[in-house]
Amino acid sequence: MQKDRLYLDSFPDERGYFGKFGGSFIPPQLVEPFNEINEAYKKLSKDFNFLNELKSIRKYYQGRPTPVYFAKNLSNFAGANIYLKREDLNHTGAHKLNHCMAEALLAKYLGKKKLIAETGAGQHGVALATAAAYFGLECEIHMGEVDIKKEHPNVVKMKILGAKVVPVSKGLKTLKEAVDSAFESYLNDTKNSLFAIGSVVGPHPFPKMIRDFQSVVGFEAKEQFFEMTGKLPDVVAACIGGGSNAMGIFSGFIEDSVDLYAVEPAGKGEKIGEHSASITYGKEGVMHGFNSIMLSDENGEPAPVHSIASGIDYPSVGPEHAYLSSIGRTKVALCSDTEAIEAFYTLSRLEGIIPALESSHAVGFAIKYAKSEENFGKSILINLSGRGDKDIDFVIENFPENL
Ligand SMILES: *Cc1c(COP(=O)(O)O)cnc(C)c1O
């Protein structure tokens with residue numbers, strides 16, 4: 001066992017637990033198919049051909065390694081040394097393709113013909129449709145009718161990529177109903193399809209698998225940062241919705257004495273429905289098949305959440321984040337809608353890099369942290385999880401005062 005894999009190889013345990021968090025809370029019909037995925041992944045995660053094919057895809061198709069960039073102008077502005085891991089330069093413009101390509105490769109090894117998933121803002125849907133096109137798999141994306149109207153460009157992209165977008169007209173016609181609809185479709189044909197979860201959430205083995213697939217970000221960044229500076233960063237930070245981009249970059253530094261910050265969306269206030277800061281304001285509970293920290297209403301149902309960035313407005317976090325924060329290995333920071341918009345403009349103006357609104361939360365944190373006097377001169381590495389092209393119309397319409 002390599003030294004920097006000690007933790008990763010021991011967590012989660014066989015049953016998918018990180019301390020008391022994680023596990024698998026699923027209907028009986030899903031037990032068998034999820035066992036199949038678990039057993040297959042256990043073997044494939046050590047299989048030379050699987051790992052080699054994944055490595056080759058990352059290099060020649062996705063364009064990895066993505067660079068680590070020293071943001072000199074932003075650093076001068078803020079007072080500490082800020083480095084960006086440029087996942088915005090990964091093919092399709094965000095980190096999500098790292099796990100989608102691997103999930104599709106897993107489907108191929110399992111002899112599946114179809115990938116099924118839900119999507120909210122459409123980012124996961126587009127990444128999965130891309131992976132499906134690459135492998136010649138069918139792709140079925142379930143999406144609420146309200147979201148379909150709101151996220152037109154992503155819907156068009158999925159269709160161009162050959163995916164079937166299934167409109168969901170039940171209930172509020174958004175993400176929750178889309179999840180139910182996707183699960184139903186998967187249950188009808190578990191033999192030929194793979195349910196492809198989009199973050200380090202869901203029942204075992206998904207939180208582990210998605211973390212492992214994203215860990216390439218952290219291991220690359222560690223080597224690149226060391227090569228550039230001869231040291232490790234003082235701080236590594238990432239925004240957190242479900243938590244896949246954060247777990248990805250944290251994985252490279254988890255054994256080191258580096259502060260890890262999970263940046264939660266503080267939205268526009270502290271009341272339920274105004275934010276999606278699950279670790280900060282939530283409590284333990286079971287949702288979507290796993291035990292974690294969640295935001296719930298009086299009836300224990302997932303609470304309404306808000307963030308200006310639709311990729312991180314999720315009422316829970318991956319179980320590993322709940323665990324790492326409970327033992328004090330990670331720290332939780334907040335970034336509000338307003339701070340994220342400011343960071344969005346600041347990075348664009350100072351560095352010529354337009355960040356995704358999700359990633360803008362990590363940038364906003366870095367600026368705040370750097371400006372605090374006791375942190376002067378420290379080095380901060382953030383995971384710039386995606387590019388902001390998808391957000392430009394929204395920002396210009398709603399926050400033109402920054403122009
Ligand atoms: C989806 C998305 C996120 C949030 O997902 P995590 O699983 O929390 O990483 C963050 N940034 C971008 C650009 C996204 O598309």
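Indexing begins at 1, ligand by ligand and atom by atom, following the structure's order.
Under a 4.0 Å criterion applied to the non-hydrogen atoms of Gly241, ligand 1 contributes the atoms 8 (O). Which parts of ligand 1 touch Ala356 is read off a 4.0 Å heavy-atom cut-off, strictly below it: atoms 13 (C). Here is the list of ligand 1 atoms found below 4.0 Å of a heavy atom in Ile312: 4 (C). Heavy-atom contacts of His95 reach the following atoms of ligand 1: 2 (C), 3 (C), 9 (O), 10 (C), 11 (N), 12 (C), 14 (C) (cutoff under 4.0 Å).
Looking at every heavy atom in both residues, Ala107 comes nearest to Leu137 through CB-CD1, 4.1 Å.
At a 3.5 angstrom cut-off on N or O pairs, Ser359 does not count as close to ligand 1. Ligand 1 has an N or O atom lying under 3.5 Å from an N or O atom of Asn245, backbone or side chain. For ligand 1, the polar-atom distance check finds no N/O of Val200 at less than 3.5 Å from any of the ligand's N/O atoms. For the pair Ile240 and ligand 1, the shortest N or O to N or O distance does not fall below 3.5 Å.
Both tests do not hold together for Lys72 against Phe77: distance to the six-membered ring centre under 6.0 Å, angle to the ring axis within 45°.
Salt-bridge check for Glu255 with Arg5: failed, with every basic side-chain N at 4.0 Å or more from each acidic carboxylate O. Residues Lys43 and Asp47 are not paired through a salt bridge, judged by the lack of any N-O separation under 4.0 Å between the basic side chain and the carboxylate. At a threshold of 4.0 Å, the pair Lys222-Glu227 does not count as salt-bridged, since none of the basic side-chain nitrogens sits closer than that to a carboxylate oxygen. Between Lys390 and Glu151, no side-chain nitrogen of the basic residue sits less than 4.0 Å from a carboxylate oxygen of the acidic one, so the salt-bridge criterion is not met. Salt-bridge formation is not detected for the pair Lys114/Asp189: no Lys NZ or Arg NE/NH1/NH2 atom is positioned less than 4.0 Å from an Asp or Glu carboxylate oxygen. With salt bridges taken as basic N to acidic carboxylate O contacts below 4.0 Å, one links Glu36 and Lys112.
Contacts between His124 and ligand 1 below 4.0 angstrom, taking non-hydrogen atoms only, are absent altogether. Here Glu87 has no heavy atoms under 4.0 Å from ligand 1, in either its backbone or its side chain.
Ranking the protein heavy atoms by distance from atom 11 (N) of ligand 1 puts Ser385 OG, 2.7 Å first. Annotation: atom 2 (C) of ligand 1 to nearest protein heavy atom, Lys96 NZ, 2.4 Å. The closest protein non-hydrogen atom to atom 6 (P) of ligand 1 is Ser244 N, 3.3 Å.
Using a 4.5 Å cut-off on side-chain heavy atoms (C-beta onward), Asn383 and Glu87 make contact.
Here the rule is ring-ring contact (aromatic ring centres under 6.0 Å, His included) with Tyr41, and of Phe213, Phe34, Tyr109, Phe50 only Phe213 fits it.
Distances from atom 5 (O) of ligand 1 to the heavy atoms of Gly311, Ala94, Gly386, Gly198 show the closest one on Gly311.
The shortest heavy-atom distance from Gln214 to ligand 1 is not under 4.0 Å.
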